[in-house]
**Q** 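First the structure, which I've put down as structure tokens, then a few questions once you've had a look.
Being a predicted model, the structure only gives us computed values, none of them experimental.
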Amino acid sequence: MIGLFDSGVGGLSVLKAVVNNGIKDNFIYFGDTKNVPYGTKTKDEILSYTKDIMEFFIKKGADCAIMACNTSSALVYEELRRQFSDKIKIYPLIQYAAPYFKDEKQTIGVMATSATVKSFAYTKEITKLNPCCNIIEQECQKFVEIVEKRLYEDISSLNYIKEKLEYFKNAGCKKIILGCTHFPYLVPVFKKYAGSIEFIDPAELLIKSIKNELIINASGRNSFEFYVSSDPENFKQSGSMFFDIKEDVSLAEFAKV
């Protein structure tokens, strides 16, 4: 069983990428909707949330957990690995995506949440392997709200998107890493204002790295369980725009307290 978690619907982009890459298994997805967004939370808060999620996955029988959330990968992966690696294999987005930029010579942009940008996690992980790489990280926290509330035609939201993309273009970025799992949903909008900039989804890079490991453990069929920490019906309604959720969405027992 493969567990995936995020603070909301954003991580469904990772689940969709996993399924589209032919990985077949029993999937359990947890959206921490009570605490969305993680991008504005402290490290201690996120660590507390994600420890509960790891315990939940272990109790459910998951063999591995994909951190379908850049913010948690940036801030708490090492702590989770130290505490839970003997019980469950953990795959963080940023750390698995970084090796794909070891030979990059062009300026790379990173659009991410406030917490991810403040951590400089992408810069740290990429420059471990490519010390000369020029990386421009920019906070784009409002993109999460635009996706969660589906504000794709809202004038102020579009102006915000244009402003951020102008920043990256003026900085000379030829590639932009989508440093939040919500952001792939906005790529069609980004492309209207981005010129020739290439957008890179870290989920695709993660899957390339771990696909063989997951296929080895695959059951040959897909099944899905969806859990949240609040408002299951709203999650299903919102999430079904991004992933074909046929199953009921349940409130996780540990989140009811």
Side-chain angles (χ1 to χ4, degrees), residues 1-20 23 25-77 80 84 88 90-93 113 115-116 141-151 180-186 203 206 222-257:
M1 176 181 284
I2 299 172
L4 301 94
F5 75 86
D6 188 28
S7 60
V9 299
L12 292 172
S13 66
V14 182
L15 177 59
K16 186 173 183 178
V18 169
V19 173
N20 286 349
I23 295 166
D25 212 321
N26 302 317
F27 296 96
I28 180 170
Y29 182 95
F30 180 82
D32 195 4
T33 45
K34 183 169 67 176
N35 298 306
V36 66
Y38 278 5
T40 58
K41 301 297 191 297
T42 66
K43 178 177 179 177
D44 286 344
E45 286 173 323
I46 294 169
L47 184 58
S48 175
Y49 306 150
T50 53
K51 282 182 177 179
D52 286 342
I53 296 167
M54 286 299 109
E55 295 284 5
F56 176 67
F57 282 163
I58 292 166
K59 184 177 179 181
K60 286 289 184 180
D63 305 296
C64 65
I66 295 175
M67 301 178 74
C69 169
N70 284 267
T71 302
S72 61
S73 296
L75 297 182
V76 301
Y77 165 63
L80 294 180
F84 295 103
I88 189 169
I90 303 174
Y91 296 111
L93 274 176
T113 64
T116 300
Q141 182 66 48
K142 190 177 177 181
F143 288 172
V144 176
E145 180 186 11
I146 293 171
V147 172
E148 292 276 347
K149 296 183 179 180
R150 303 181 287 286
L151 302 174
C180 173
T181 54
H182 286 69
F183 296 178
Y185 300 124
L186 291 173
L206 167 70
N222 282 337
S223 68
F224 302 95
E225 295 178 38
F226 295 94
Y227 294 89
V228 292
S229 52
S230 71
D231 205 345
E233 285 305 314
N234 183 62
F235 175 87
K236 183 168 185 176
Q237 181 180 356
S238 299
S240 291
M241 295 183 66
F242 311 116
F243 189 86
D244 187 14
I245 302 176
K246 295 184 174 68
E247 296 77 10
D248 290 336
V249 178
S250 302
L251 188 64
E253 285 293 331
F254 75 90
K256 293 180 180 179
V257 294

**Q** Under a 4.5 Å cut-off applied to non-hydrogen side-chain atoms, are Leu186 and Val147 in contact?
**A** yes
**Q** Is the closest side-chain heavy-atom distance between Ile23 and Asn222 below 4.5 Å?
**A** no
**Q** Run the ring-centre check on Tyr38 versus Tyr49 and record whether the distance is less than 6.0 Å.
**A** yes
**Q** How close do Lys236 and Glu247 get, counting heavy atoms only, and between which atoms?
**A** NZ-O, 3.1 Å
**Q** Decide yes or no on side chain to side chain contact (heavy atoms under 4.5 Å, CB included) for Asn35 and Glu45, but give the supporting numbers first.
**A** CA-CA 9 Å; Asn35 298 306; Glu45 286 173 323; over 6 Å; no
**Q** Between the main-chain N or O of Asp44 and the side-chain N or O of Ser48, is there a donor-acceptor pair closer than 3.5 Å?
**A** no
**Q** With rounding to the nearest 0.5 Å, note down the distance linking CD1 in Ile88 to SG in Cys64.
**A** 7.0 Å
**Q** Any chance CG of Asp248 has more than 12 other-residue heavy atoms, nucleotides or ligands included, within less than 6.0 Å?
**A** no
**Q** Can you see which heavy atom on Leu206 is nearest to which on Pro92, and at what distance?
**A** CD1-O, 3.9 Å
**Q** More than 12 heavy atoms of other residues, nucleotides or ligands under 6.0 Å from NZ of Lys16: yes or no?
**A** no
**Q** Hey, are the side chains of Phe30 and Phe57 touching, using non-hydrogen atoms and a 4.5 Å cut-off?
**A** yes
**Q** Please examine the side chains of Val9 and Met241, heavy atoms only from C-beta on, and report whether any two atoms are closer than 4.5 Å.
**A** no
**Q** Taking the six-membered ring where the residue is Trp, are the ring centres of Phe243 and Phe27 under 6.0 Å apart?
**A** no
**Q** Would you check if Phe56 and Ile28 make a side-chain contact, meaning some heavy-atom pair closer than 4.5 Å?
**A** yes
**Q** Grab the two heavy atoms, one from Gly61 and one from Met1, that are nearest each other, plus how far apart they are.
**A** O-CB, 3.9 Å
**Q** I'd like to check Lys51 versus Met54 (side-chain heavy atoms, cut-off strictly below 4.5 Å). Are they in contact?
**A** no
**Q** Within this structure, what is the NE2-CZ distance for the pair His182 and Phe242, rounded to the nearest 0.5 Å?
**A** 8.0 Å
**Q** Determine whether Tyr77 and Met67 make a side-chain contact, defined as any pair of heavy atoms from C-beta on separated by less than 4.5 Å.
**A** yes
**Q** According to side chain to side chain contact (heavy atoms under 4.5 Å, CB included), who are the partners of Thr40, at least two apart in sequence or on a separate chain?
**A** Pro37, Gln141
**Q** Does the Ser13 side chain pair with the main chain of Gly10, one donor and one acceptor, at a distance under 3.5 Å?
**A** yes
**Q** Applying the side-chain contact (heavy atoms from CB on, under 4.5 Å) criterion to Thr71, which one of Thr50, Asp6, Ile46 satisfies it?
**A** Ile46
**Q** Hey, could you give me the CD1/CZ distance between Ile2 and Phe224, rounded to the nearest 0.5 Å?
**A** 10.0 Å
**Q** Rounded to the nearest 0.5 Å, how far does SG of Cys69 lie from CD1 of Ile53?
**A** 8.5 Å
**Q** Got a list of side-chain donor-acceptor pairs under 3.5 Å for residues 226-233, not counting sequence neighbours?
**A**
unit_1	atom_1	unit_2	atom_2	d
Tyr227	OH	Lys60	NZ	3.0
Tyr227	OH	Glu225	OE1	3.0
Ser229	OG	Asp32	OD1	2.7
Ser229	OG	Thr33	N	3.0
Ser229	OG	Lys34	N	2.8
Ser230	OG	Thr33	OG1	3.3
Ser230	OG	Lys34	N	3.3
Asp231	OD1	Asn234	N	3.3

**Q** Working to the nearest 0.5 Å, report the span between CG of Leu47 and OG1 of Thr42.
**A** 9.5 Å
**Q** Would you check if Asn70 and Thr113 make a side-chain contact, meaning some heavy-atom pair closer than 4.5 Å?
**A** no
**Q** How far apart are the closest heavy atoms of Thr181 and Gly11, and which atoms are they?
**A** OG1-N, 3.4 Å
**Q** Report the distance from atom CG of Leu15 to atom CD1 of Ile245, rounding to the nearest 0.5 Å.
**A** 8.5 Å
**Q** Just by modelled atom types, is the Asn26 backbone N or O under 3.5 Å from a matching donor or acceptor in the Ser223 side chain?
**A** no
